[in-house]
Q: 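Once you've had a glance at the structure underneath, I'll fire off some questions.
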Protein chains: 2
Amino acid sequence: MMSKRQTQQLLAVFDVVNRAHDHPSVEQIHQRVRERMPRVSLGTVYRNLQKLASERRVSLVQIRNRPARYDAVVDAHDHFVCEHCHVVLDLAPSKARLDLQQLEHQGFAVRSHALTFYGQCPNCRGGRKGRQRNSQMTTAPA
Amino acid sequence: MMSKRQTQQLLAVFDVVNRAHDHPSVEQIHQRVRERMPRVSLGTVYRNLQKLASERRVSLVQIRNRPARYDAVVDAHDHFVCEHCHVVLDLAPSKARLDLQQLEHQGFAVRSHALTFYGQCPNCRGGRKGRQRNSQMTTAPA
DNA sequence: TTTTTTGCAAACCATTTGCAATTAG
DNA sequence: CTAATTGCAAATGGTTTGCAAAAAA
């Protein structure tokens with residue numbers, strides 16, 4: 001499903017995801033694209049995000065009970081989702097050691113996996129005034 | 001949010017999930033409950049599943065691009081989702097070693113996590129006639 | 001009796017889709 | 001040109017909700 005045409009809209013969606021460090025939702029991506037191209041429709045953003053994800057140029061991060069988020073980091077990595085402020089943090093390096101080979105030996109063809117931790121982020125855990133956003137960390141804090 | 005009343009509907013939903021070994025969707029649970037209690041509404045099934053999940057008497061399994069599934073196994077375990085037949089398999093023992101402590105030391109309060117592998121199950125990988133359902137395995141096959 | 005839970009239907013929200021108009025190649 | 005892509009709006013699909021009636025405690 002490789003793109004046949006490089007439209008302005010596709011380029012803008014890709015660019016917005018790439019500059020973002022906050023795992024934006026589709027709505028947020030739409031808003032940010034509209035800042036530059038006011039007539040872009042939400043449907044087009046959905047279509048282009050799907051296309052980009054299928055080409056592995058962006059990655060989809062699914063979160064329990066919340067709209068999907070998108071990530072410019074396309075290589076396998078895990079996430080932490082704060083159930084209080086809903087920030088999504090990339091966890092690098094991974095806190096997991098997986099035995100993919102064992103699954104393969106058992107006959108599974110593993111294409112991908114998703115590992116997501118849920119709980120409270122350091123900010124929300126410590127802070128008393130709750131509900132902050134965009135801690136802007138790519139790696140876990142000190 | 002502990003149940004205040006033991007209704008027939010709550011009992012039936014719990015029982016259906018407990019007898020199921022196929023990680024049924026809400027629709028499927030609804031159908032199975034209706035076999036015994038034809039007037040139970042879908043809304044009631046949703047409400048009772050939420051209640052049971054919040055009490056950790058059943059567990060919710062979220063899957064990419066598919067409706068939620070429910071599991072009678074409530075202790076932490078991982079899943080394999082077949083992208084071909086959409087079967088959901090419990091993976092026991094876990095194919096992952098997680099370093100929860102490292103996250104805690106970094107200030108995160110980890111409440112739960114989800115680890116799901118996606119790909120083709122042994123049946124679909126080998127078989128030529130595709131799209132089978134309910135391999136009925138709790139553990140990975142030989 | 002009192003309060004929770006139900007059934008029903010409507011509402012909701014995220015996402016997808018049909019189609020005529022636009023645009024990249 | 002002409003096929004892929006867009007904008008728009010309507011449709012979908014899963015899930016939630018308001019409310020009067022039913023049923024636990």
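Heavy atoms only: backbone and side chains are in, while hydrogens, waters and symmetry mates are out. So that the names make sense, note that chain A is the first sequence line, chain B the second, and so on, each numbered from 1.
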Q: Under the rule for salt bridge (charged side-chain N to carboxylate O under 4.0 Å, His left out), what residues qualify as partners of A/D99, not counting sequence neighbours?
A: none
Q: Determine, stepwise, if the pair B/R56 / B/D71 fulfils salt bridge (charged side-chain N to carboxylate O under 4.0 Å, His left out).
A: CA-CA 11 Å; B/R56 295 189 182 253; B/D71 195 335; over 6 Å; no
Q: Are B/H113 and A/D78 close enough that a side-chain donor and a side-chain acceptor fall under 3.5 Å?
A: no
Q: How bent is the helix from C/dT1-D/dA25 to C/dG25-D/dC1, measuring the angle between the end axes built from five pairs each, rounded to 10°?
A: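 Terminal axis comparison yields 40°.
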Q: Taking NZ, NE, NH1 and NH2 as the nitrogens, is one of them in B/K95 or B/D90 under 4.0 Å from a carboxylate oxygen of the other?
A: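 Not counted as a salt bridge, because no side-chain N and carboxylate O are separated by less than 4.0 Å.
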Q: How does protein contact run along nucleotides 20-25 of chain C, one letter per nucleotide 5' to 3', with B for base contact, S for sugar-phosphate only, - for none, heavy atoms under 4.0 Å?
A: ---BBS
Q: Tell me yes or no: between the side chains of A/H86 and A/H84, is some donor less than 3.5 Å from an acceptor?
A: no
Q: Figure out the CG/P separation between B/L49 and D/dT15, and round it to whole Å.
A: 10 Å
Q: Once you round it to whole Å, what is the distance between C1' of C/dT5 and CG of B/L11?
A: 13 Å
Q: Determine, for B/F108 and A/R125, whether the Lys NZ or Arg CZ falls below 6.0 Å from the six-membered ring centre while staying within 45 degrees of the axis.
A: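 Cation-pi check for A/R125 and B/F108: fails.
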Q: Tell me whether the OP1 or OP2 atom of D/dC8 has a side-chain N or O from A/R39 closer than 4.0 Å.
A: yes
Q: When you check the phosphate oxygens OP1 and OP2 of C/dT5, does a side-chain N or O of B/K51 lie under 4.0 Å from one of them?
A: yes
Q: If I take atom NE2 in residue A/H30 and atom C1' in nucleotide D/dT6, what distance separates them, rounded to the nearest angstrom?
A: 12 Å
Q: Please determine, for the side chain of B/S41, which listed nucleotide (C/dT5, D/dC8, C/dC8) has the closest atom?
A: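 The answer is C/dC8.
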Q: Please identify each residue that fulfils side-chain hydrogen bond (donor to acceptor under 3.5 Å, both in side chains) with B/H30, with sequence neighbours left out.
A: none
Q: Return yes if some donor-acceptor pair links the side-chain N/O of A/S59 with the main-chain N/O of A/V73 below 3.5 Å, else return no.
A: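 Confirmed, A/S59 side chain pairs with A/V73 backbone.
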Q: Do the side chains of B/R36 and B/D15 get close enough for a salt bridge, i.e. N-O under 4.0 angstrom?
A: yes
Q: Restricting both atoms to N or O, compile the protein contacts to nucleotides 11-18 of chain C shorter than 3.5 Å, with distance only.
A:
unit_1 : atom_1 : unit_2 : atom_2 : d
C/dT15 : OP2    : A/Y46  : OH     : 2.5
C/dT15 : O5'    : A/Y46  : OH     : 3.3
C/dT16 : OP1    : A/Q50  : OE1    : 3.3
C/dT16 : OP2    : A/Q50  : OE1    : 3.2
C/dG18 : O6     : A/R47  : NH1    : 3.3

Q: B/R64: what forms a salt bridge (charged side-chain N to carboxylate O under 4.0 Å, His left out) with it, not counting sequence neighbours?
A: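 Not a single residue meets the salt bridge (charged side-chain N to carboxylate O under 4.0 Å, His left out) criterion with B/R64.
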Q: Under 6.0 Å from the CZ atom of A/R111, do we count more than 12 heavy atoms belonging to anything else shown?
A: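 Counting other residues, nucleotides and ligands, CZ of A/R111 stays at 12 neighbours or fewer.
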